[in-house]
Amino acid sequence: MDYEQSPDRVVGTAAVGSGGPPKKAPVPVKIIVAGGFGVGKTTTVGAISEISPLTTEAEMTSAAVGIDNPGLGSTKTTTTIAMDFGVLTIDQTLKLYIFGTPGQTRFAFMWDDLIKGALGALVVVDTNRIDDCYPAVDYFERAGLPFVVGVNTFNGQMSYSLDEVRWALAIREDVPVLAFDARFRGSVRDALLVVLDQALDKAVRQKSSYS
Amino acid sequence: MTYPDPDDPAHPARPSVRPFLQSGPLAAGGYRPAPQDEQPPAPEQSAALRPFVITSGRTNGADPDIGMETQVTVTPGAGPVRLSPEMRAIVGLCFEPVSVAEISARLRLHLGVTRILVGDLRAAGQLDVHVLDNETPDPETIMRVIRGLRAIT
């Protein structure tokens with residue numbers, strides 16, 4: 001086994017102190033990008049991330065088996081799912097993480113962990129398969145997480161208008177529904193800014209209710 | 001092929017199990033740097049549970065404070081201890097602040113396994129886990145993110 005080790009990093013705890021103290025850890029904040037397969041989550045994450053999206057694998061453990069009933073006669077007891085994520089360094093002390101997660105119910109077991117401390121979510125929608133994102137919309141609504149519905153206009157056209165999407169998803173009036181193109185950084189940035197706007201709204205409301 | 005059941009008292013999980021488990025092409029975790037590893041493991045392999053051999057079978061018990069984005073650094077002046085290869089690899093990544101998700105991705109360790117091992121290393125005094133004081137981000141932080149995002153082109 002060979003772990004990649006840059007030569008200036010001395011492993012061996014005795015030498016650590018001499019290398020000066022580690023840099024102060026930045027504050028991480030995160031935004032979730034949710035949606036069905038193939039709607040452009042990874043494209044969205046990759047468009048805004050400063051690194052090419054990394055993939056982490058999570059295990060659907062026995063605790064989640066009840067959620068994703070594999071059906072009678074199935075011998076499959078575990079499933080591995082992959083999550084893509086990207087990073088954007090805001091400044092030395094602040095880092096934005098963008099996590100992509102599938103939007104179907106069977107992945108909901110990890111949403112509890114994922115939304116903890118999250119600023120908000122962008123639900124990516126393909127107008128041809130709107131129902132893929134119902135569970136995510138439903139979950140974020142219940143959890144009180146600020147979210148925005150973003151219709152990915154793959155080819156510059158949508159089969160349905162934004163109003164029709166809003167109607168189909170039955171979301172509240174104050175949840176923004178917008179069109180964006182996951183391939184373009186500026187477009188993704190603008191969509192995320194709308195998410196942050198919602199997050200700011202909620203944070204300000206919370207703060208004023210405390211004081 | 002049978003593997004010793006770590007929960008079976010007659011066959012306690014021993015570290016010596018690991019080299020064997022990691023010798024095969026479908027070994028748990030898969031640290032192989034080769035690019036052809038990009039393809040997902042064949043689904044018919046029942047290897048799914050094997051990563052948790054590294055955690056002595058623990059699948060729960062990860063500290064709920066350790067989130068995917070939680071930043072981790074090596075503890076300055078930590079005493080030398082004997083660590084498993086996976087733990088050594090984790091410590092080796094943490095000289096610069098790094099998130100749990102990045103550790104998981106770069107070492108190709110499952111997220112659940114990574115969280116448990118990071119928790120163990122924190123308990124062993126090897127890693128500093130920077131848990132945030134306030135869970136919900138405050139308006140000032142969000143404003144900084146907004147300004148930072150607006151600045152990119």
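Here is the naming used below: chain letters follow the sequence lines, and residue numbers restart at 1 for every chain. When reading the values below, keep in mind they use all heavy atoms of this one structure, side chains included, and skip hydrogens, waters and symmetry mates.
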**OP:** List the steps and the verdict of side-chain contact (heavy atoms from CB on, under 4.5 Å) for Ile152(B) and Ile48(A).
**Re:** CA-CA 9 Å; Ile152(B) 70 166; Ile48(A) 200 77; 3.5 Å; yes
Subject >> Under 4.5 Å from any heavy atom of chain B - which part of Asp91(A) >> reply: side chain
Original post:
Given a strict heavy-atom distance threshold of 4.5 Å, which part of Arg147(B) is in contact with chain A: side chain, backbone, both, or neither?
Top reply: neither
**OP:** Using a cut-off of under 4.5 Å on heavy-atom pairs, state which of Leu193(A), Val204(A), Asp190(A), Leu54(A) scores highest against chain B.
**Re:** Leu193(A)
**OP:** Evaluate side-chain contact (heavy atoms from CB on, under 4.5 Å) for Asp65(B) paired with Thr70(B), printing each intermediate quantity in order.
**Re:** CA-CA 8 Å; Asp65(B) 285 344; Thr70(B) 302; over 6 Å; no
Original post:
Highest number of heavy-atom pairs under 4.5 Å with chain A: which of Ser99(B), Gly67(B), Gly148(B)?
Top reply: Ser99(B)
Subject >> Cys133(A) to Val125(A) - nearest heavy-atom pair and separation >> reply: SG-CG2, 3.6 Å
Subject >> Considering all heavy atoms, the nearest Leu192(A)-Leu122(A) contact >> reply: CD2-CD2, 4.3 Å
Subject >> side chain to side chain donor-acceptor pair (under 3.5 Å) contacts touching residues 28-45 of chain A (sequence neighbours left out) >> reply: Lys30(A)-Glu69(B), Thr42(A)-Asp84(A)
Subject >> chain B contact via Val29(A) - side chain, backbone, both or neither, heavy atoms under 4.5 Å >> reply: side chain
Subject >> Residue Thr141(B) versus chain A: region with a heavy atom under 4.5 Å >> reply: both
Subject >> Proximal component of Ile31(A), with respect to chain B [non-hydrogen, under 4.5 Å] >> reply: neither
Subject >> Heavy-atom proximity to chain B below 4.5 Å, by part of Leu88(A) >> reply: side chain
Subject >> Under 4.5 Å from any heavy atom of chain A - which part of Leu149(B) >> reply: both
Subject >> Contact class of Leu196(A) relative to chain B, heavy atoms under 4.5 angstrom >> reply: both
Original post:
Can you check whether Leu132(B) reaches Pro28(A) side chain to side chain, under 4.5 Å on heavy atoms?
Top reply: yes
Original post:
Between Val87(A) and Lys95(A), is a side-chain contact (heavy atoms from CB on, under 4.5 Å) present by the stated rule, with each step listed?
Top reply: CA-CA 7 Å; Val87(A) 190; Lys95(A) 259 185 167 186; 4.1 Å; yes
